[in-house]
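Below is one structure, written out as structure tokens, with a few remarks after it.
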Amino acid sequence: MAVTPQTNTTLEEIAEALLKCDHVCICGHVSPDGDCIGSQLALRAALVQLGKDVRVLLAADAPLERSFACLPGADELVPVEAFDGRCEVFVQVDAPDAKRIGEAAAALRAQAPFTITVDHHAVDRRETDLSYTDPDAASTSMLVWELAGHLEVDRSGDVAACAYTGLMTDTGRFQYQNADLRAFRAACEMVEAGADAAALSAEFFQRRTLASIQLEGCAIANMRLLCDGQAAVSFVTQREMAEAGAVKSDCEQLINVLRSIDGVRIAAMLRDEGVHVRGSFRSKDGTDVAAMARRFGGGGHAAAAGFTLHEPLDKARHTVEKAVCKALGCREGA
Ligand code: 5GP
Ligand code: MN
């Protein structure tokens, strides 16, 4: 359990701090994933048992993947902009910095009397009063699970289901490099406490939209294999998104197709958003794609990272292809 040097507290201390507050805001990152929402809702489920006024906030006002609706407390998620309650303590989960929580949440955080981070993304700065970051944890929701233990609430049922969702999604259903013994042990505890692994898996992985399937066709058609097939780079355009009737969340699984190709070591997927291009990196060979993403102002984990490029799609493709080739030590894309 190696925490970052920026960590200045323990989960016990965070539990103690939370026990002293009545009005708690829990925020995640922009483009929330299963770990982000799962962590928020797991912590919410723990704190409501203690009679706290808990608000779960969305960093951006964008439609959520429909699978999240099955999680207890999902109907309470509101965009930060719509929040007008009291925020005695601002807790950010699965998000290391102001950039990841977005401007509106950062503004709310700046006004909060006390601030806390619980995360597994390593960064070199601490932005909140208390900060606990464990990059060895497969998911932030595992840390929230532990935190709920220190709060001494009943973790069976809602807390378990939400925490399990974060762990299941961030490990790619226990397939990625982060699916280690500790992750399986935590999963065991959650299942023991009532998380329905099969039902949650079906909810999150067997309900793909037709739009996402159509986009997968586009991503495959647009794909370029570089460096003798060691890298796969692809994109979807705004037009392809519109024609498919797709929303952002329909793009989430596309990178997995690129990564799954035999021989591919690094995969990169780009999504044109008009004013900028959003990108995802994945690696299968230990290449630190978070370091690559950081060069573009993004970040994430060694094997899965994201970034935003403020340039047109054509240029962004070139930028990314160059970076990928450089990382693989081949001269293509130069
Ligand atoms: P994804 O490619 O699924 O959007 O993100 C992969 C991982 O990288 C996730 O852990 C996510 O939180 C992180 N990540 C994605 N985009 C960014 C970004 O722009 N900045 C930082 N710091 N992390 C990101
Ligand atoms: Mn996460």
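Atoms within a ligand are numbered from 1 in the order they appear, just like the ligands themselves. Bear in mind that the values here come from a model prediction, so they are computed numbers and not experimental data.
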Validate the cation-pi geometry between R278 and F307: distance from NZ or CZ to the six-membered ring centre under 6.0 Å, angle to the ring axis within 45°. no

Pairwise side-chain contact, I37 with T165, heavy-atom cut-off 4.5 Å (strictly under): no

Applying the 4.5 Å side-chain criterion to the ILVMFWY set and letting contacts propagate, would L309 and V324 be lumped into a single cluster? yes

How far is atom 7 (C) of ligand 1 from the closest protein heavy atom, and which atom is that? A304 O, 3.3 Å

Going by the atom numbers of ligand 1, which of them fall below 4.0 Å from some non-hydrogen atom of H301? 10 (O)

Is the shortest side-chain N to carboxylate O distance from K248 to D250 below 4.0 Å? no

Which atom name would you report as the N, O or S atom of D170 nearest the Mn ion (ligand 2)? OD2

Distance from atom 21 (C) of ligand 1 to nearest protein heavy atom, with residue and atom: G299 N, 3.2 Å

Geometry only, no angles: is D33 polar-contacting ligand 1 at N/O separations under 3.5 Å? no

Pairing of R100 and D119 as salt bridge, 4.0 angstrom limit: no

Salt-bridge criterion met for E203 and R208 (N-O under 4.0 Å): no

Between K99, K248, R100, flag the one that comes closest to atom 11 (C) of ligand 1 by a heavy atom. R100

For the Mn ion (ligand 2), give me the closest N/O/S atom belonging to D35, just the atom name. OD2

Hey, would you say the F90 and F114 ring centroids sit under 6.0 Å apart? no

Among all protein heavy atoms in this structure, tell me which lies nearest to atom 18 (C) of ligand 1, with the distance rounded to 0.1 Å. G306 O, 3.4 Å

Looking only at protein heavy atoms, which one is nearest to atom 10 (O) of ligand 1, and how far off is it? H121 NE2, 2.9 Å

Using a 4.0 Å cut-off to any heavy atom of S280, which atoms of ligand 1 qualify? 1 (P), 2 (O), 4 (O)

Please say which of V159, V144, L19 ends up in a side chain to side chain contact (heavy atoms under 4.5 Å, CB included) with L151. L19

So, regarding D94 and ligand 1 (criterion: nitrogen or oxygen to nitrogen or oxygen, under 3.5 Å), is there a contact or not? no

Sub-4.0 Å heavy-atom approach of R282 to ligand 1: yes

Verify the distance test for H121 against the Mn ion (ligand 2): any N/O/S atom under 2.8 Å, yes or no. no

Could you list the atoms of ligand 1 found under 4.0 angstrom from a heavy atom of G298? 18 (C), 19 (O), 20 (N), 21 (C), 22 (N)

Quick one: does R278 get within less than 4.0 Å of ligand 1, heavy atoms only? yes

Name whichever N, O or S atom of D94 ends up nearest to the Mn ion (ligand 2). OD1

Kindly work out whether a path of hydrophobic side-chain contacts (I/L/V/M/F/W/Y, heavy atoms less than 4.5 Å apart) joins L215 to F205. no

Check ion pair E127-R109 (N to O, under 4.0 angstrom): yes

